[in-house]
Asks: 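Just passing along the structure, written as structure tokens.
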There are 2 protein chains.
Amino acid sequence: MLTNSSKYALKAVLYLTLHSDENHKLQVKDISEKINIPKAYSGKLLQALAKRNIISSSRGPRGGFYVDEGNKKQTIMAIIDTIDGRKKMDACLLGLDACNEENPCPLHDLFASSRSKMIKVFEETTLDDLVGSLGSKDLFLYK
Amino acid sequence: MLTNSSKYALKAVLYLTLHSDENHKLQVKDISEKINIPKAYSGKLLQALAKRNIISSSRGPRGGFYVDEGNKKQTIMAIIDTIDGRKKMDACLLGLDACNEENPCPLHDLFASSRSKMIKVFEETTLDDLVGSLGSKDLFLYK
DNA sequence: GATAAAATATGACTTAAATCATATTAAGTA
DNA sequence: TACTTAATATGATTTAAGTCATATTTTATC
């Protein structure tokens with residue numbers, strides 16, 4: 001479904017959404033330790049996310065990564081797309097290029113409705129939404 | 001979602017379900033050419049499926065792989081499980097070991113219902129069902 | 001302005017999935 | 001029984017994902 005990379009990216013962005021803002025930037029080291037992923041690897045992912053404006057960053061002393069109000073309008077799908085590429089989500093279960101609604105593979109109809117529901121949720125759910133639904137319980141799992 | 005290997009396996013089994021029986025066995029070469037996957041690779045997958053009795057095989061002259069009536073009771077999930085291992089399907093979207101119904105990760109509830117529906121379909125759909133639903137139209141896509 | 005702290009850019013290394021190759025074993029046929 | 005045909009078992013090679021390392025650039029602060 002998702003590569004390791006986009007799982008990591010999702011975790012990192014969620015962490016930033018909950019624990020950072022313009023005045024509380026976090027460094028790669030802090031983030032990677034908290035969410036239990038290799039530092040150098042998370043650095044790379046965070047850079048890719050910042051370039052696409054999913055998250056924000058600033059260099060130099062007191063710099064770091066953070067999520068501002070604008071970033072919170074980003075969706076889960078935007079994160080996945082940045083790291084894995086959107087196409088993978090739409091791909092035929094059997095990997096058939098020619099498979100689609102009009103020309104479905106034998107598994108297409110079994111799978112299509114679940115998948116499109118899932119994709120819709122990913123496209124429509126923003127970081128704001130996620131944080132909202134968590135309410136006050138900060139606790140979630142990074143392992 | 002699925003590895004390349006299990007996609008190939010699904011294609012191969014579907015092909016066998018439609019085009020083979022005890023009296024019409026197919027060799028690796030025939031199958032791999034028809035479904036457009038590397039011969040040596042499909043050989044390995046077919047062997048694994050035969051060992052688990054998802055499909056049948058016999059050696060020697062006039063031997064080959066085939067799907068008999070018993071094999072047709074096998075499910076899509078059995079194929080996936082043989083090649084990828086069942087666990088992957090149940091795994092948390094974020095890859096969190098500790099994530100479950102009682103202790104859900106932030107994405108859990110967004111994803112859980114689509115996934116369990118999908119899993120249920122995979123577990124309940126047999127090769128018989130698939131062939132039935134195809135009706136007379138043999139045509140499907142191997143590319 | 002000099003210094004230090006941070007992200008950025010780039011590339012190398014490692015591991016697992018995907019792919020290929022082949023020697024061995026079993027079964028049908030002459 | 002010898003020969004041929006096919007799966008089986010095993011392992012080598014290749015490729016892509018995942019991981020790590022570091023030189024460069026930017027920015028705050030003294």
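Computed over heavy atoms, backbone and side chain alike; hydrogens, waters and symmetry mates excluded. Naming: A, B, ... by sequence-line order, numbering from 1 per chain. Just so we're clear, the structure is a prediction, and the values are computed from it rather than from any experiment.
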Asks: Let's see if you get this right: which residues in residues 59-68 of chain A place a heavy atom under 4.0 Å from DNA chain D?
Replies: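 Listed by number, they are R59(A), G60(A), P61(A), R62(A).
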Asks: Ignoring hydrogens and geometry beyond distance, is the side chain of K44(A) in donor-acceptor contact with the base of dG18(D) at under 3.5 Å?
Replies: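 When only heavy-atom distances are counted, K44(A) does not reach the base of dG18(D) through any donor-acceptor pair under 3.5 Å.
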Asks: Could you identify which residues of residues 71-89 of chain B place a heavy atom less than 4.0 Å from some atom of DNA chain D, listed by residue number, or say none?
Replies: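 None - not one residue of the stretch has a heavy atom sitting under 4.0 Å from the strand.
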Asks: I need the minimum non-hydrogen distance between I35(A) and Y8(A), along with the two atoms involved.
Replies: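 Scanning both residues, the minimum pair turns out to be CD1-O, 4.2 Å.
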Asks: Examine dT8(D): is either OP1 or OP2 under 4.0 Å from a nitrogen or oxygen in the side chain of S57(B)? Give yes or no.
Replies: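 Yes, S57(B) has a side-chain N/O under 4.0 Å of OP1/OP2 on dT8(D).
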Asks: Given 3.5 Å as the limit, does a donor-acceptor pair link the side chain of N53(A) with the main chain of N71(A), or not?
Replies: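 Pair absent, no side-chain N/O of N53(A) close to backbone of N71(A).
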Asks: In whole angstrom, what separates I37(A)'s CD1 from dA17(D)'s P?
Replies: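 In whole Å, dA17(D) P lies 18 Å from I37(A) CD1.
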Asks: Of the listed nucleotides (dC20(C), dA7(C), dT19(D)), which one gets closest to any side-chain atom of A40(B)?
Replies: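 For the A40(B) side chain, the nearest candidate turns out to be dC20(C).
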Asks: Please check if the side chain of S32(A) supplies one atom and the backbone of K29(A) the other of a donor-acceptor pair under 3.5 Å.
Replies: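 Side chain of S32(A) to backbone of K29(A), a donor-acceptor pair under 3.5 Å: yes, one is there.
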Asks: Contact class for L26(A) (heavy atom, under 4.0 Å): base, sugar-phosphate, or nothing?
Replies: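 Sugar-phosphate contact only - L26(A) comes under 4.0 Å of backbone atoms but never of a base.
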Asks: Rounded to the nearest 0.5 Å, how far does CG of N23(A) lie from CG of D68(A)?
Replies: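 Nearest 0.5 Å value for the CG-CG distance: 11.0 Å.
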Asks: Can you tell me the distance, in whole Å, between the CD atom of Q47(B) and the C1' atom of dT25(C)?
Replies: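 In whole Å, dT25(C) C1' lies 12 Å from Q47(B) CD.
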Asks: Rounded off to whole Å, could you give me the CG-to-C1' distance for the L2(A) and dA17(D) pair?
Replies: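 To the nearest whole Å, that distance equals 14 Å.
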Asks: Can you confirm whether the side chains of K117(A) and S113(B) place a donor and an acceptor under 3.5 Å from each other?
Replies: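 Distance-only check passes for K117(A) and S113(B).
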Asks: Is the number of heavy atoms from other residues, nucleotides or ligands under 6.0 Å of R86(A) CZ greater than 12?
Replies: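 Enclosed.
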Asks: Send over the distance from L16(B) CG to dA6(D) C1', rounded to a whole Å.
Replies: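 Rounding to the nearest Å, CG of L16(B) and C1' of dA6(D) are 15 Å apart.
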Asks: Roughly how many Å is it from CZ in R52(B) to C1' in dT8(D), rounded to a whole number?
Replies: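 Between C1' of dT8(D) and CZ of R52(B): 17 Å.
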Asks: Using only atom types and a distance under 3.5 Å, with no angle test, would you say the side chain of S20(B) pairs donor to acceptor with the backbone of V67(B)?
Replies: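 Such a contact is found between S20(B) side chain and V67(B) backbone.
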Asks: Using modelled atom types and a 3.5 Å cut-off, is there a donor and acceptor pairing between side-chain atoms of T126(A) and backbone atoms of D129(A)?
Replies: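 Checking the backbone N and O of D129(A) against the side chain of T126(A), a donor-acceptor pair under 3.5 Å is found.
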Asks: Is the backbone of Y66(A) close enough, under 3.5 Å, to the side chain of D21(A) for a donor and an acceptor to pair up by distance?
Replies: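 No, D21(A) side chain to Y66(A) backbone: no donor-acceptor pair under 3.5 Å.
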Asks: Answer yes or no: does a side-chain N or O of S5(A) lie under 4.0 Å from OP1 or OP2 of dG18(D)?
Replies: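 For S5(A), the contact criterion (side-chain N or O under 4.0 Å from OP1 or OP2 of dG18(D)) is met.
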Asks: After noting the C-alpha distance and the side-chain angles of Y41(A) and S5(A), does the key distance pass the side chain to side chain donor-acceptor pair (under 3.5 Å) rule?
Replies: CA-CA 9 Å; Y41(A) 195 4; S5(A) 293; 2.3 Å; yes
Asks: Kindly calculate the angle separating the two end axes of the helix from dG1(C)-dC30(D) to dA30(C)-dT1(D), each obtained from five base pairs, and round it to 10 degrees.
Replies: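 Between the first-five-pair axis and the last-five-pair axis there is 0°.
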Asks: Report the residue from K73(B), K72(B), Q74(B) that forms a side chain to side chain donor-acceptor pair (under 3.5 Å) with D128(B).
Replies: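 Option passing the side chain to side chain donor-acceptor pair (under 3.5 Å) with D128(B): K73(B).
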Asks: Quick one: does K51(A) reach the base of dT8(C) with a side-chain donor-acceptor pair under 3.5 Å?
Replies: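 Side chain to base: no pair present.
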Asks: Once you round it to whole Å, what is the distance between P of dA16(C) and CG of N4(B)?
Replies: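 For the pair N4(B) CG and dA16(C) P, the rounded distance is 18 Å.
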Asks: Do any side-chain nitrogens or oxygens of Y41(A) fall under 4.0 Å of OP1 or OP2 in dA17(D)?
Replies: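 Answer is no, no contact under 4.0 Å.
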Asks: With a 6.0 Å cut-off (strictly less than), is the heavy-atom count around NZ of K39(B), excluding the residue itself, greater than 12?
Replies: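 No, the 6.0 Å shell around NZ holds no more than 12 heavy atoms from other groups.
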Asks: For L46(A) and dT8(C), what is the distance between atoms CG and C1' respectively, to the nearest whole Å?
Replies: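 Spelled out: CG on L46(A) to C1' on dT8(C) is 12 Å.
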Asks: Between P on dG18(D) and OH on Y8(A), what's the gap in Å once rounded to a whole number?
Replies: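 Whole-Å distance recorded here is 8 Å.
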